[in-house]
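So that the names make sense, note that chain A is the first sequence line, chain B the second, and so on, each numbered from 1. Keep in mind that what you see is a predicted model, and the values were worked out from it rather than measured.
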Amino acid sequence: MAIDPVAELRAAVAEAAGTLAGGEQRLPGLERPPKPDFGDYSTNAAMLLAPVMSEPPRGVAEKLGELLGERLAGVLERVEVAGPGFLNLFVSDEWLRSALAGMVAAEDGYGGGVASEAERVLVEFVSANPTGPVTVASGRHAAYGDSLARILDFAGHDVEREFYVNDYGSQMRRLGESIKARARGEEPPTDGYHGGYVTELAEKIDGAAESDVDELATQSATLILESVEATLERFRVHFDRFFSERSLHEADKLRAVLTLLEEKELAYPSEGAVWMRTTEYGDDKDRVLMRSNGEMTYFTADIAYHRDKLERGYDRAIDVLGADHHGHVTRMLAAWDLLGGEGGTLELPIMQIVSLMEGGQRVQMSKRGGEFVTLDELIDDIGVDAARFFLLQRSHDTALDLDLSLARDRSQDNPVYYLQYAHARIASILRKAGSEAVDAATAADLAGSAEHLHASACALLKRLLEWPAEVLEAADRRAPHRITVYLHVLAQDFTAFYRDVKVVGAAEEGGDEAFRIAMCVATRRVLARGLDLLGVEAPEEMHRDDAA
RNA sequence: GCCCCGGUAGCUCAGUGGACAGAGCGUCGGCCUUCUAAGCCGGUGGUCGGAGGUUCGAAUCCUCCCCGGGGCGCCA
């Protein structure tokens, strides 16, 4: 069981509420109130219970407070009824000290394993045509998908990362045609690919000018995929599997899908093509499975691909899609349903677009004409840490403006360095304390410490106590950006603690050095873990002089 | 026309039923004999797009409308 003192407190409140009202009740909330005056935690339990018990909320709060006071004698200093019926809880220093002890004992696992039910999850993301370099847009997908996978993994799920390679179809043909054209010193077709890499490939592949277009496409796709993979690895994104669309065609999996759909009477011929009745699943029109020229559409391949996913027996599949693919959602859910996938087990989060800004101006990154910013260029410019952090900072369903001048800035203005600096600062303190003192501190009886908690220490402890719930929220809501927000306030709280409380030499001000070292250790672990979930490094040292 | 995502401080955005709405950047003013000033403290700043509704309570849920972005192919 994951160590989470706040969850235990919440459970105690829920239990007391159950005792008062009898039976199952709406689960009461336990949250950090907006003002210190409102206690360390507050619960709306009384307001939820009031209608059930047909009593005024404040009266219920009084009773609940009394009951909690008895049951949690050592935990709660006092309780107060406030406002419309909130019950504000003031925890004891004793409870906070033992909470720290719990965190420290949990070591690197603190905050992990919080998922209520461990699932086998497949996260599919990026999944671009292997027709060119990774763009910044795909970079956002990569950062999101990978970070989500890291979070789900830490929360206790069994996660696989997969890249679906669209190495088949008309886009590939266009690539082949474009390369052949370049090899002959001609312009690629209007709807072909015009980037400089096309010319490079044309030069790299022997006899490209004379090659068969399809063969050329296959050959170059392999080369492009290698560089795509290299870029993603550089971005600290590692896929467990690259799943080839071509392999589905070669194994005749699309034909099998067609047969299956025909058996279920969900496929029908019309105008020389074969269609699927996606309208039966709420789509606004039926979709073509096989074109009148006998070729299968990407949709049929997608169905075959998802059939394969289902056969692999995951509990859940998450497909990260781009905003331009949102129209696919309904038909993919339809496909999932008819293939026997359980409702709600296929999720299709939609990534909104990313724009690069430079001094308030939008940077052109149109893919047409081959003038677009690649992920490699972005990394060269601002570094992996800043790139990942900035791409993750905003919710996936909001359009993102990435300010290059701010992201590039190796200065105090850059939020990613603020977090790394907090980590480096703790590392510095622990170095100064010495490894023996640190080892002793983590082994010490922290719960029994005589440390009198400074307000900043209380605030920091309570922030650290939010970590397990924060991981769970980020995992359940597929929201890595929440981690960036949390780490920022954590770093702020640590900085306040650093300002107000002396760690090394605590005895000089009557404090317990071991206890304070343990707080540093706990904070450092959460910061390091949080940064890791974002794919950002946690440096041991940072110096301003490093900046040019 | 239909579908998706936004509309919260000057800018970029957190905040999916709780108490007088937050952060970063910007701006103004202060702080380096200190466990790292890549830091800290203070000031400035908001009709939460609009109108109704649900609720003890709404930025948050529902309906309608306005504005911005994206999508609506026998391309992927």
Novice: Hey, can you tell me if Y164(A) and F243(A) have their rings parallel, tilted or perpendicular (30° and 60° cut-offs)?
Specialist: tilted
Novice: Rounded to whole angstrom, note down the C1' distance from A38(B) over to C72(B).
Specialist: 48 Å
Novice: Would T330(A) and D283(A) count as having a side-chain donor-acceptor pair, cut-off 3.5 Å?
Specialist: no
Novice: Expressed in whole Å, how much space separates the C1' atoms belonging to G46(B) and C11(B)?
Specialist: 14 Å
Novice: What integer number of Å spans the C1' atoms of A23(B) and G15(B)?
Specialist: 10 Å
Novice: Could you check whether the side chain of N44(A) and the base of G18(B) have a donor-acceptor pair of N or O atoms closer than 3.5 Å, going by distance alone?
Specialist: yes
Novice: Mind checking the C1' distance from U16(B) to C61(B)? Whole angstroms is fine.
Specialist: 9 Å
Novice: State which of C13(B), A19(B), C74(B) makes the closest approach to the side chain of P34(A).
Specialist: A19(B)
Novice: For A37(B), which nucleotide is its Watson-Crick or G-U wobble mate, given both distances must be under 3.5 Å?
Specialist: none
Novice: From the set C74(B), C35(B), A19(B), return the single nucleotide nearest to any side-chain atom of S42(A).
Specialist: A19(B)
Novice: Can you tell me the base-pairing partner of G10(B)? Count Watson-Crick or G-U wobble geometry only, both distances below 3.5 Å, and say none if there is no partner.
Specialist: C25(B)
Novice: Could you please name the option among A76(B), G18(B), C35(B) that lies closest to any side-chain atom of I429(A)?
Specialist: C35(B)
Novice: Base of C74(B), side chain of S292(A) - is there a donor-acceptor contact under 3.5 Å?
Specialist: yes
Novice: Using only modelled atom types and a 3.5 angstrom limit, is any donor from either the side chain of Q352(A) or the base of C5(B) paired with an acceptor on the other?
Specialist: no
Novice: Between C35(B), C75(B), A14(B), spot the one nearest the side chain of H481(A), thanks.
Specialist: A14(B)
Novice: Determine the minimum heavy-atom distance between A61(A) and F86(A), stating which atoms define it.
Specialist: CB-O, 4.4 Å
Novice: Work out how far the P atom of A58(B) is from that of G50(B), and round it to whole angstrom.
Specialist: 15 Å
Novice: Is it the case that the base of A14(B) and the side chain of T484(A) share a donor-acceptor contact (distance under 3.5 Å, atom types as modelled)?
Specialist: no
Novice: Is the charged tip of R246(A) near the ring of Y168(A): under 6.0 Å from the six-membered ring centre and within 45° of its axis?
Specialist: no
Novice: Kindly indicate whether a cation-pi arrangement holds for R425(A) with F494(A), taking the cut-offs as under 6.0 Å to the six-membered ring centre and within 45° of the axis.
Specialist: no
Novice: On a whole-Å scale, what distance lies between the C1' atoms belonging to G42(B) and C35(B)?
Specialist: 25 Å
Novice: What distance, rounded to whole Å, do you find between the two P atoms, one in G30(B) and one in U34(B)?
Specialist: 22 Å
Novice: Do H326(A) and G70(B) have a side chain to base donor-acceptor pair shorter than 3.5 Å?
Specialist: yes
Novice: For a quick check, tell me whether the side chain of H328(A) and the base of A76(B) share a donor-acceptor pair closer than 3.5 Å.
Specialist: yes
Novice: Sticking with atom P, work out how far C66(B) lies from G10(B), rounded to a whole angstrom.
Specialist: 26 Å
Novice: Indicate, yes or no, whether a donor-acceptor pair under 3.5 Å links the base of A76(B) to the side chain of D167(A).
Specialist: no
Novice: Under a 3.5 Å cut-off for both contacts, is A19(B) paired Watson-Crick or G-U wobble with anything, and if yes, with which nucleotide?
Specialist: none
Novice: Could you identify the nucleotide paired to G68(B), looking across every strand shown and requiring Watson-Crick or G-U wobble geometry with both distances under 3.5 Å?
Specialist: C5(B)
Novice: On the nucleotide G73(B), are OP1 or OP2 found under 4.0 Å from the side-chain N or O atoms that K285(A) carries?
Specialist: yes
